[in-house]
Protein chains: 2
Amino acid sequence: MTEIEKTLENYQVRPTAMRILIYKYLAEKEIAVALTDIESAFAKAERTTLYRTLKTFEEKKIVHQIDDGTGISKYALCEKGCNCEIEQDLHLHFHCNNCNETVCLTEHKIPQIKVPDGYIAEDVNLVVKGICEKCSGQ
Amino acid sequence: MTEIEKTLENYQVRPTAMRILIYKYLAEKEIAVALTDIESAFAKAERTTLYRTLKTFEEKKIVHQIDDGTGISKYALCEKGCNCEIEQDLHLHFHCNNCNETVCLTEHKIPQIKVPDGYIAEDVNLVVKGICEKCSGQ
DNA sequence: GCAATAAATGCACTTCTGTTGCACTAGTTA
DNA sequence: TAACTAGTGCAACAGAAGTGCATTTATTGC
């Protein structure tokens, strides 16, 4: 049994061939990927299967969904022991306007946000847009 | 000439009947509205016209577009003298998970966000999700 | 005022992403 | 091995965004 298979079982997800492939793909990519990215990476992949696989991964906290403002849902592997839904674990995402890639800046936690009286904050989404490291040439 | 007509001309937008109606609708609503909201408010309205009107309004800085994570673009009137694209003017948006409405919290500016070396921030989008004043019953 | 021009609008159509239903296959358990 | 459950593939649909083109409305020059 490979490392990936073990990982998936730890998350209580049956390690099927497709899921292993998708997990591997996500692990290799350092950026957040859209469903269509995976689809075009594996010609054989069925959109529905990918869709449902990602849903499963999300439920089991293997990946977290990212809304980077492009209107397309993207996904990235959660860090080990990450609790995406807990406010303290929320990190910000950076979307490059040049290469169109979105990365998790896991080191950069979202600062405490104050909301007016009467409002109850449950979740925070923070996306910074601009030019990424690769594209800025630094 | 009405107040709204004057306003539109100030923004260098020709005040057509449709545009005046849409502007008025946006001004009355205190929340960010989606294209479909306006469409259902005016039965006669053509989706394409609304779409292009909002695009025009956006270009002329009459409204700003809001991405609240629902995947649907929403729009809200800019404040007088607002410079949406300038970082200092960026305010946060609150999306209520109960009533599904999105409001601009214009009083709440987005705190300065640090990004790693090599990254250049140009724009910041901050959406807080939770329960709004109306729904929390306070 | 009228013709020429430009802007705005309405209709039809396409594309893209997300989503669901259903049948089939593979894998697990008794 | 039979019965069951989870996973996959195909087809189809829904909703929003976007485009092309013809028509209407407004503006400008004569």
Side-chain angles (χ1 to χ4, degrees), chain A residues 1-2 4-25 32-60 62-76 95 100 102, chain B residues 1-2 4-6 8-9 11-25 32-60 62-76 95 100 102:
Chain A
M1 188 181 285
T2 70
I4 292 179
E5 284 177 76
K6 271 185 222 159
T7 309
L8 290 180
E9 295 216 326
N10 279 343
Y11 281 110
Q12 299 181 318
V13 169
R14 290 224 308 244
T16 65
M18 203 68 222
R19 287 173 175 174
I20 292 169
L21 273 177
I22 295 175
Y23 187 94
K24 199 184 278 179
Y25 181 81
V33 298
L35 194 147
T36 44
D37 296 333
I38 312 179
E39 199 182 359
S40 46
F42 310 112
K44 303 173 214 161
E46 239 291 314
R47 211 162 51 87
T48 315
T49 307
L50 294 177
Y51 171 71
R52 285 196 261 237
T53 302
L54 289 172
K55 277 266 176 204
T56 308
F57 279 13
E58 202 189 344
E59 269 167 33
K60 300 294 186 181
I62 299 176
V63 300
H64 59 270
Q65 195 182 3
I66 299 160
D67 165 37
D68 63 4
T70 57
I72 300 162
S73 295
K74 300 197 175 161
Y75 300 87
H95 178 77
N100 232 25
T102 300
Chain B
M1 187 181 283
T2 70
I4 293 179
E5 283 177 74
K6 271 186 222 159
L8 290 178
E9 294 214 326
Y11 281 112
Q12 299 181 320
V13 169
R14 290 222 309 242
T16 65
M18 203 68 221
R19 287 172 176 175
I20 293 169
L21 272 177
I22 295 175
Y23 187 94
K24 199 184 281 181
Y25 181 81
V33 298
L35 195 147
T36 44
D37 295 334
I38 311 180
E39 200 182 358
S40 46
F42 309 112
K44 304 172 213 163
E46 238 293 311
R47 209 171 48 82
T48 317
T49 308
L50 294 177
Y51 170 71
R52 285 196 262 237
T53 301
L54 288 171
K55 277 267 175 205
T56 308
F57 279 13
E58 201 189 345
E59 270 167 32
K60 301 294 186 180
I62 299 177
V63 300
H64 59 269
Q65 196 182 3
I66 299 160
D67 165 37
D68 63 4
T70 57
I72 300 162
S73 295
K74 300 197 175 161
Y75 301 86
H95 178 78
N100 232 25
T102 300

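What you see is a predicted model; the values in this text were computed from it and never measured. To find a chain, count down the sequence lines: A is the first, B the second, and so on, and within it residues start at 1.
- Pairing each heavy atom of B:G69 with each of A:D67, the nearest pair is CA-OD2, 3.0 Å.
- The two atoms that bring B:Y51 and B:L35 nearest to each other are CA-CD1, 3.5 Å, heavy atoms only.
- If you check distances only, the side chain of B:R47 never reaches the base of D:dG15 with a donor-acceptor pair under 3.5 Å.
- Spacing between atom CG of A:D67 and atom P of C:dT17 amounts to 15 Å, rounded to whole angstrom units.
- At a non-hydrogen distance threshold of 4.0 Å, nothing from residues 32-42 of chain B comes into contact with DNA chain C.
- B:Y51 has no side-chain polar atom (N or O) that falls below the 4.0 Å cut-off from OP1 or OP2 of D:dA17.
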Could you write nucleotides 2-10 of chain D as a row of B, S and -, 5' to 3', where a protein heavy atom under 4.0 Å of any base atom gives B, of only sugar-phosphate atoms gives S, and otherwise -? ----SSBBB
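- Using a 4.5 Å heavy-atom cutoff, the side chains of A:N100 and A:H95 are in contact.
- At the phosphate of C:dG18, OP1 or OP2 sits under 4.0 Å from a side-chain N or O atom of A:S73.
- Going from atom CD1 of B:I20 over to atom C1' of D:dA26 covers 13 Å, rounded to whole Å.
- When all heavy atoms of B:Y25 and B:D37 are compared, the pair lying nearest together is OH-O, 3.6 Å.
- The closest donor-acceptor contact from the side chain of B:R47 to the backbone of B:E39 lies at 3.5 Å or more, if one exists at all.
- We find that CD of B:Q12 is positioned 12 Å from P of C:dA8, with the value rounded to whole Å.
- The CD1 atom of A:I20 lies 6.5 Å from the CG atom of A:L8; values are rounded to the nearest 0.5 Å.
- Between B:S73 and B:Q65 the shortest heavy-atom distance is OG-NE2, 2.7 Å.
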Please list every donor-acceptor pair under 3.5 Å in which a side-chain atom of residues 52-60 of chain B meets a protein atom from a residue at least two apart or in another chain.
{"from": "B:T53", "atom 1": "OG1", "to": "B:T49", "atom 2": "O", "distance (Å)": "2.6"}
{"from": "B:T56", "atom 1": "OG1", "to": "B:R52", "atom 2": "O", "distance (Å)": "2.7"}

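- Rounding to whole angstrom units, CG of residue B:L50 and P of D:dA16 are separated by 13 Å.
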